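So the structure is just underneath, and the comments pick up after that.
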Amino acid sequence: MVELGSIGLSLGKQALELVVESNMEAVGVDKLSHRSYPSLSGGEKQRVHFARVLTQTAQSSDNKILLLDEPTSALDLQHQHSTLSLAKKLAHDGATVIAVLHDLNLAAQYADRIMILNQGEIVMDGRPSDALTSQTIAEVYHHEVTIMPHPQSQRPVVVAN
């Protein structure tokens, strides 16, 4: 499944094997290589697809763009953070990473910029501390929240009232 990301690439067999192994290790699915795809859990499949996406970017140099739609939805806590940490590292290495996340606290922790949409319209666009306000969240999600600074990072933490 991860090798499917190589379609259209001009990597040789040896180089492709190294890229696939590296990407599988990076997302923590290297130990699953002996299993068939249908036997994997939803979270395992999601991580395999992330490794495939990374493989697709193997020959991209300066203009890597990753579009991630709910990349953490089926993942446990450890894999949520490792996935977003890797995405953030790719962004800091020059890739453009756009991720759709419904978990506001994960977005606050990892995003450099948050865009909040309501019915397809941009309601707020800015740094996490500017975008995540109790007023905006109440208007968009119809639920009252309290926003507090994280004790270590000072990024916003959203707590439902």
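Just so we're clear, the structure is a prediction, and the values are computed from it rather than from any experiment.
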Practice problem: Decide side-chain contact (heavy atoms from CB on, under 4.5 Å) for Val159 and Met148; before the verdict, give the C-alpha distance in whole Å, the side-chain angles of both, and the deciding distance to 0.1 Å. | Solution: CA-CA 8 Å; Val159 179; Met148 303 181 308; 3.5 Å; yes
Would [X] end up clustered with [Y] when hydrophobic side chains under 4.5 Å apart are linked, directly or stepwise?
X: Leu84; Y: Val27; answer: no
X: Met1; Y: Ile7; answer: yes
X: Leu75; Y: Leu86; answer: no
X: Leu106; Y: Leu68; answer: no
X: Leu32; Y: Leu54; answer: yes

Quiz item: Angle class for the Tyr37/His49 ring planes (parallel below 30°, perpendicular above 60°, tilted otherwise)?
Solution: perpendicular
Between [X] (side chain) and [Y] (backbone), is there a donor-acceptor pair under 3.5 Å?
X: Asp125; Y: Met115; value: no
X: Ser82; Y: Gln78; value: yes
X: Asn23; Y: Val19; value: yes
X: Glu21; Y: Leu18; value: no
X: Arg155; Y: His150; value: no
X: Glu70; Y: His102; value: yes
X: Glu144; Y: Ser134; value: no
X: Arg47; Y: Ala51; value: no
X: Gln46; Y: Ala74; value: yes

Quiz item: Taking NZ, NE, NH1 and NH2 as the nitrogens, is one of them in Glu3 or Arg52 under 4.0 Å from a carboxylate oxygen of the other?
Solution: no
Quiz item: Does the pair Arg127/Asp112 count as a salt bridge with the N-to-O cut at 4.0 Å?
Solution: no
Considering non-hydrogen atoms only, spot the tightest contact between [X] and [Y] and give its length.
X: Lys64; Y: Thr57; value: CE-O, 3.4 Å
X: Gln154; Y: Pro149; value: OE1-CB, 3.5 Å
X: Pro156; Y: Ala108; value: O-CB, 3.3 Å
X: Ala160; Y: His143; value: CB-NE2, 3.6 Å
X: Ile116; Y: Ala131; value: CD1-O, 3.4 Å
X: Ala58; Y: Leu11; value: CB-CD1, 4.2 Å

Quiz prompt | Atom CD of Gln135: over 12 foreign heavy atoms under 6.0 Å | solution = no
Self-check item: Enclosure of Asn63 CG (heavy-atom neighbours >12, cutoff 6.0 Å)
Solution: no
For a 4.5 angstrom cut-off between non-hydrogen side-chain atoms, does [X] reach [Y]?
X: Leu67; Y: Ile65; answer: yes
X: Thr96; Y: Leu66; answer: no
X: Val123; Y: Leu117; answer: no

Can you measure from [atom1] ([X]) to [atom2] ([Y]) and round to the nearest 0.5 angstrom?
X: Lys88; Y: Thr83; atom1: NZ; atom2: OG1; answer: 14.5 Å
X: Tyr110; Y: Thr72; atom1: OH; atom2: OG1; answer: 10.0 Å
X: Ser6; Y: Leu16; atom1: OG; atom2: CG; answer: 4.5 Å

Exercise. Please check if the distance between the ring centroids of His79 and Phe50 is under 6.0 Å.
Key: no
Exercise. Start with the C-alpha distance between Lys31 and Met24, add both sets of side-chain angles, then the distance that settles side-chain contact (heavy atoms from CB on, under 4.5 Å), and finish with yes or no.
Key: CA-CA 8 Å; Lys31 302 210 178 6; Met24 289 180 70; over 6 Å; no
Practice problem: Evaluate the side-chain contact (heavy atoms from CB on, under 4.5 Å) criterion for residues Leu132 and Ile137: first the C-alpha distance (whole Å), next the side-chain angles of each, then the deciding distance (0.1 Å), finally the verdict. | Solution: CA-CA 7 Å; Leu132 295 174; Ile137 293 169; 4.2 Å; yes
Exercise. Verify side chain to side chain donor-acceptor pair (under 3.5 Å) between Thr136 and Thr133, making sure each step is shown before the conclusion.
Key: CA-CA 5 Å; Thr136 299; Thr133 67; 2.8 Å; yes
